[in-house]
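Numbering of ligands and ligand atoms starts at 1, following listing order.
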Amino acid sequence: MKKIEAICLLLLISIGCYAQIIPGAIWPDTKGNPVNAHGGGILYYNGTYYWYGEIKQGVTWRVPGSTWENYRVNAGGISCYSSKDLLHWKPEGVALQPVTTDSTSDLHVSKVIERPKVIYNKKTGKFVMWMHIDSQDYSYARSGVAVSDSPEGPFKYIRSVRPNGNMARDMTIFQDDDGDAYHFYSSEENQTMHICKLADDYLSHTGDDRRILVQHAREAPAVCKYNNRFYLFTSGCTGWSPNAASYATADSIMGTWTLHDNPCHGTDADSTYHAQSTYVLPVQGKKDTFIFMADRWNKTNLETSRYIWLPLTFDAEGTPGIQWEDQLMP
Ligand code: DGJ
């Protein structure tokens with residue numbers, strides 16, 4: 001290669017023309033640090049994507065006396081990154097700060113703060129974050145809510161609840177086209193998923209709370225809508241260890257939901273490519289283009305967990321499919 005060509009190539013790389021999403025690789029943010037946003041979700045607002053996730057930092061330890069693989073890091077709060085193209089992620093700082101002093105606080109570093117999802121409420125002009133809040137032994141089983149005037153935060157924590165009195169662990173929020181929002185949460189000791197419609201301001205639950213996938217023991221819910229049908233992707237319940245995904249469908253969001261097989265295909269489909277679902281991202285400006293977002297946990301060193309983003313496609317019958325790709329160009 002001639003010197004001038006080499007310089008042009010370097011220039012292209014440095015301005016990001018060759019950038020791709022590499023599932024499972026370290027994804028540097030625009031400052032060169034690995035993106036730290038696990039169990040995350042994405043909000044698209046005003047031409048920008050905002051990625052929120054769990055900050056996992058520092059030493060991983062196993063909670064003494066736990067009979068299951070209860071590995072933990074101190075809760076680091078919730079991070080926020082912004083991007084226009086899904087490739088270059090600018091760190092926006094800590095959107096929701098953990099609490100270091102008051103050990104009774106839901107946000108104390110000793111607690112569990114997981115799977116944050118943020119939606120924007122057009123009526124109130126507020127950004128609303130819901131997340132799984134728990135004690136170290138996961139017996140607290142609640143959902144926390146925080147609010148902000150801007151997408152980057154800072155978010156102000158309001159409270160945690162057991163929706164309609166139900167246990168709530170892994171969760172997601174789905175905002176429908178009409179603005180109504182729904183909370184999907186693993187309940188009843190993770191044996192049964194629930195869907196609950198949120199109030200108009202998104203800050204509390206209505207009494208419309210349905211049991212779905214009853215006794216199917218699913219967690220890590222991620223939801224999308226395609227061709228007026230709702231799709232719910234979940235994992236089984238095996239701690240931080242991966243397992244096979246499944247999906248469920250419904251013609252109306254409150255059900256009836258029907259459980260189907262694994263949407264993943266090819267090598268490592270039975271372990272969701274060594275990962276666990278967290279969100280389905282509709283790519284803006286590209287009709288019917290979705291990215292299946294998952295976490296590849298490293299349970300003994302959670303800080304080094306990585307992200308698996310893969311295309312989610314639908315065939316003519318509306319059957320979803322996920323296939324491994326070494327690189328993804330959104
Ligand atoms: C599985 C959940 O999906 C994760 O978010 C986390 O809570 C781990 N369990 C903890 O073992």
Would you mind running through ligand 1 and noting each atom that sits below 4.0 Å from a heavy atom of Tyr138? 6 (C), 7 (O), 10 (C)
Atoms of ligand 1 under 4.0 Å from any heavy atom of Trp68, numbered from 1 in the order shown, are 11 (O)
Determine, stepwise, if the pair Leu198 / Val128 fulfils side-chain contact (heavy atoms from CB on, under 4.5 Å). CA-CA 11 Å; Leu198 294 178; Val128 179; over 6 Å; no
What orientation do Phe127 and Tyr45 show, parallel under 30°, tilted 30 to 60°, or perpendicular over 60°? perpendicular
Record the part of His132 in heavy-atom contact with ligand 1 below 4.0 Å; permitted values are side chain, backbone, both and neither. neither
Determine, step by step, whether Trp257 and Val214 satisfy the side-chain contact (heavy atoms from CB on, under 4.5 Å) criterion, reporting the C-alpha distance in whole Å, the side-chain angles of both residues, the deciding distance to 0.1 Å, and the verdict. CA-CA 10 Å; Trp257 284 86; Val214 176; over 6 Å; no
Do Thr249 and Tyr226 pass the side-chain contact (heavy atoms from CB on, under 4.5 Å) test, and can you show the C-alpha distance, the side-chain angles, and the key distance before you say yes or no? CA-CA 10 Å; Thr249 52; Tyr226 169 76; over 6 Å; no
So, 4.0 Å and heavy atoms of Gly39: is ligand 1 close enough to count as a contact? no
Examine Asp170 against ligand 1 and note whether any of their N/O atoms are separated by less than 3.5 Å. yes
Could you tell me if the ring centre of Trp68 sits under 6.0 Å from that of Tyr138? yes
Testing the 3.5 Å rule here: is there a donor-acceptor pair between the side chains of Thr60 and Lys299? no
Taking atom types as modelled, is there a side-chain donor on Asn46 or Thr48 under 3.5 Å from an acceptor on the other? no
Which bit of Tyr71 is near ligand 1, meaning a heavy atom under 4.0 Å away: side chain, backbone, both or neither? neither
Below 4.0 Å, non-hydrogen atoms only: which portion of Arg115 touches ligand 1? Side chain, backbone, both or neither. side chain
Closest non-hydrogen protein atom to atom 9 (N) of ligand 1, residue and atom name please, with distance? Gly239 O, 3.4 Å
Give me the residue, atom name and distance of the protein heavy atom closest to atom 7 (O) of ligand 1. Glu114 OE1, 2.6 Å
